[in-house]
Amino acid sequence: MTPEREPVALPLLDDDRAALRADCGSCSGLCCVALTFSKSSDFPVNKDAGEPCGNLTEDFRCGIHRDLRDKGYRGCTVFDCFGAGQRVSQGTFEGRDWRRDPATARQMFEVFPLMRQIHELLWYLTEALTHPQTRPIAADLERVLAETERLAQGSPDAVARTDVAAHRQVVNTLLLRTSELVRAEHRGQSGRGGKGGKGGKGAQGTKKKDRRGADLIGARLKGADLKGVDLRGAYLIGADLRDADLRAADLIGVDFRDTDLRGADLTGALFLTQSQVNAAKGDGRTRLPAALHRPGHWSQD
């Protein structure tokens, strides 16, 4: 057990969430070691937690980074640690790494996935504060954001003891309220062309149907008006969302694996993450929130 110590200060979170983006050059390859993956369409081999990936080099880089998808490591191109890797490597363990200091390895690998969850909550809370509609709950958001940041700055023992699930429930209450406030102005708007049908389209003035947790696997939603719709936790695997309007839609936890987002408008979408975007298909016409970048494997047409 390591003694309690003063938390190590890392760069303050800013509006574009720079501190919550992965900086692999400042990490000791934690995602390539600490996590488990199984042979599947996402990975060509099995790997246990704590076992270094065979492609991890001595300087903690990926030896096949440019060819990950071609070599079957699609899961690696989707994964995002929300900056937890550099936090654990440079902050929590003060620059030590599991190769030079193997005594830290077990705890480091235990702390990393917990830190990733904490950083994910920081991402959502930071985003919530960027929306002017959340002004009525801004004080609560700032308070819980500060509490979450304190958890992230804890010692290895403190982070390992964190009940992330319990804290997530506290955060989720505020994220749900954020969603309601931001989406309120869109909930009574009609769909494109006033035609009824799947995806929340309806006659002028009708309330759009929320699809929280809905099974929309393979759904044909091309051009659908989903603006301001609650899609939280929905399964959109392989769905056709070409040219769909997803502005201000709540997308937290949506499964976008192989979802066709070519030409879709996701500007202002709530709680969308880089990992979700990486899992989908898009093109040069797909519009993303400013905090996210266009994946290299997307079509540029």
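Everything numeric in this text was worked out from a predicted model, so none of it was measured.
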Practice task
Would you please test T162 and H167 for side-chain contact (heavy atoms from CB on, under 4.5 Å) and show each step?
Solution key: CA-CA 8 Å; T162 300; H167 188 67; 5.5 Å; no
Problem - N-O pairing of K222 and D240 below 4.0 Å - result: no
Practice task
Answer yes or no: are there more than 12 heavy-atom neighbours, outside R232 itself, under 6.0 Å from its atom CZ?
Solution key: yes
Handout entry: Modelled atom types, side-chain donor and acceptor of R17 and T126, under 3.5 Å
Key = no
Exercise for the section: Carefully, step by step, assess L231 and L216 under the rule side-chain contact (heavy atoms from CB on, under 4.5 Å). Expected result: CA-CA 10 Å; L231 285 162; L216 296 170; 4.1 Å; yes
Exercise for the section: Would you please test C53 and K47 for side-chain contact (heavy atoms from CB on, under 4.5 Å) and show each step? Expected result: CA-CA 7 Å; C53 172; K47 190 191 81 65; 4.1 Å; yes
Exercise for the section: Verify the neighbour count for atom NE2 of H297: are there more than 12 heavy atoms of other residues, nucleotides or ligands below 6.0 Å? Expected result: yes
Practice task
Measure from the side-chain N and O atoms of R116 to the backbone N and O of C31, and report whether any donor-acceptor pair falls under 3.5 Å.
Solution key: no
Practice task
Indicate if I137 and L176 have the same hydrophobic cluster label, given that clusters are the connected sets of ILVMFWY residues with side-chain heavy-atom separations under 4.5 angstrom.
Solution key: no
Exercise for the section: Mark yes when over 12 heavy atoms from residues, nucleotides or ligands other than R135 sit less than 6.0 Å from its CZ; otherwise mark no. Expected result: no
Completion exercise
In short, D245 meets R247 closest at the heavy-atom pair OD2-NH2, 2.7 Å
Handout entry: Hphob cluster co-occupancy, Y73 + L30, side-chain heavy atoms under 4.5 angstrom
Key = no
Handout entry: Aromatic plane relationship, F43 with F37 - under 30° parallel, 30 to 60° tilted, over 60° perpendicular
Key = parallel
Practice task
Hey, could you give me the CG/CD1 distance between L56 and I64, rounded to the nearest 0.5 Å?
Solution key: 11.0 Å
Exercise for the section: Begin from the C-alpha positions of F112 and F93 and carry the test side-chain contact (heavy atoms from CB on, under 4.5 Å) through to its verdict. Expected result: CA-CA 11 Å; F112 172 66; F93 287 87; over 6 Å; no
Problem - Exercise: do R61 and T57 side chains pair donor with acceptor under 3.5 Å - result: no
Exercise for the section: Evaluate whether atom CZ of R287 has more than 12 neighbouring non-hydrogen atoms of other residues, nucleotides or ligands under 6.0 angstrom away. Expected result: no
Problem - Q300 side chain vs W298 backbone, donor-acceptor pair below 3.5 Å - result: yes
Problem - Joint cluster assignment, L68 & V78, ILVMFWY side-chain distance < 4.5 Å - result: no
Practice task
Find the distance between OG1 (T273) and CG (L292) and round it off to the nearest 0.5 Å.
Solution key: 7.5 Å
Handout entry: Gap between atom CD of E120 and atom CD of Q117 - 0.5 Å precision
Key = 7.5 Å
Handout entry: T134 versus L181, closest heavy-atom pair with distance
Key = CA-CD1, 4.0 Å
Exercise for the section: Decide salt bridge (Lys or Arg N to Asp or Glu O under 4.0 Å) for R87 and E149; before the verdict, give the C-alpha distance in whole Å, the side-chain angles of both, and the deciding distance to 0.1 Å. Expected result: CA-CA 11 Å; R87 168 88 74 167; E149 177 64 17; 3.1 Å; yes
Practice task
Count the heavy atoms belonging to other residues, nucleotides or ligands that lie under 6.0 Å from CZ of R143, then report whether that count exceeds 12.
Solution key: yes
Practice task
Taking all non-hydrogen atoms of both residues into account, name the closest pair between L251 and Q276 and its distance.
Solution key: O-NE2, 2.9 Å
Exercise for the section: Output the distance between atom CZ (F256) and atom CG (L272), rounded to the nearest 0.5 Å. Expected result: 6.0 Å
Practice task
Drop me the distance from Q153's CD to M115's CE, to the nearest 0.5 angstrom.
Solution key: 9.0 Å
Problem - R106, CZ: over 12 other non-hydrogen atoms inside 6.0 angstrom - result: no
Practice task
Any chance you could measure D250, atom CG, to R212, atom CZ, to the nearest 0.5 Å?
Solution key: 8.0 Å
Handout entry: Any donor-acceptor N or O pair under 3.5 Å, side chains S275, N278
Key = no
Handout entry: Nearest heavy atoms of P289 and G268, plus distance in Å
Key = CG-N, 4.5 Å
Exercise for the section: Salt-bridge test for R262 and D260: reply yes if a basic N is under 4.0 Å from a carboxylate O, no otherwise. Expected result: yes
Problem - D258 and R74: CA distance, side-chain angles, deciding distance, salt bridge (Lys or Arg N to Asp or Glu O under 4.0 Å) verdict - result: CA-CA 11 Å; D258 290 325; R74 178 186 173 192; 2.8 Å; yes
Practice task
Say whether L175 and F82 are linked into one hydrophobic cluster, either directly or through other cluster members, by side-chain heavy-atom distances under 4.5 angstrom.
Solution key: yes
Fill in the blank from the handout: Residues Q107 and P156: closest non-hydrogen pair is OE1-CB, 3.4 Å
Fill in the blank from the handout: Heavy-atom closest pair (A152 atom, T92 atom, distance to 0.1 Å) is O-OG1, 4.5 Å
Exercise for the section: Decide yes or no for V159 and V88: does some side-chain heavy atom of the first lie under 4.5 Å from some side-chain heavy atom of the second? Expected result: no
Problem - Pair D140 + R177: basic N to acidic O under 4.0 Å - result: no
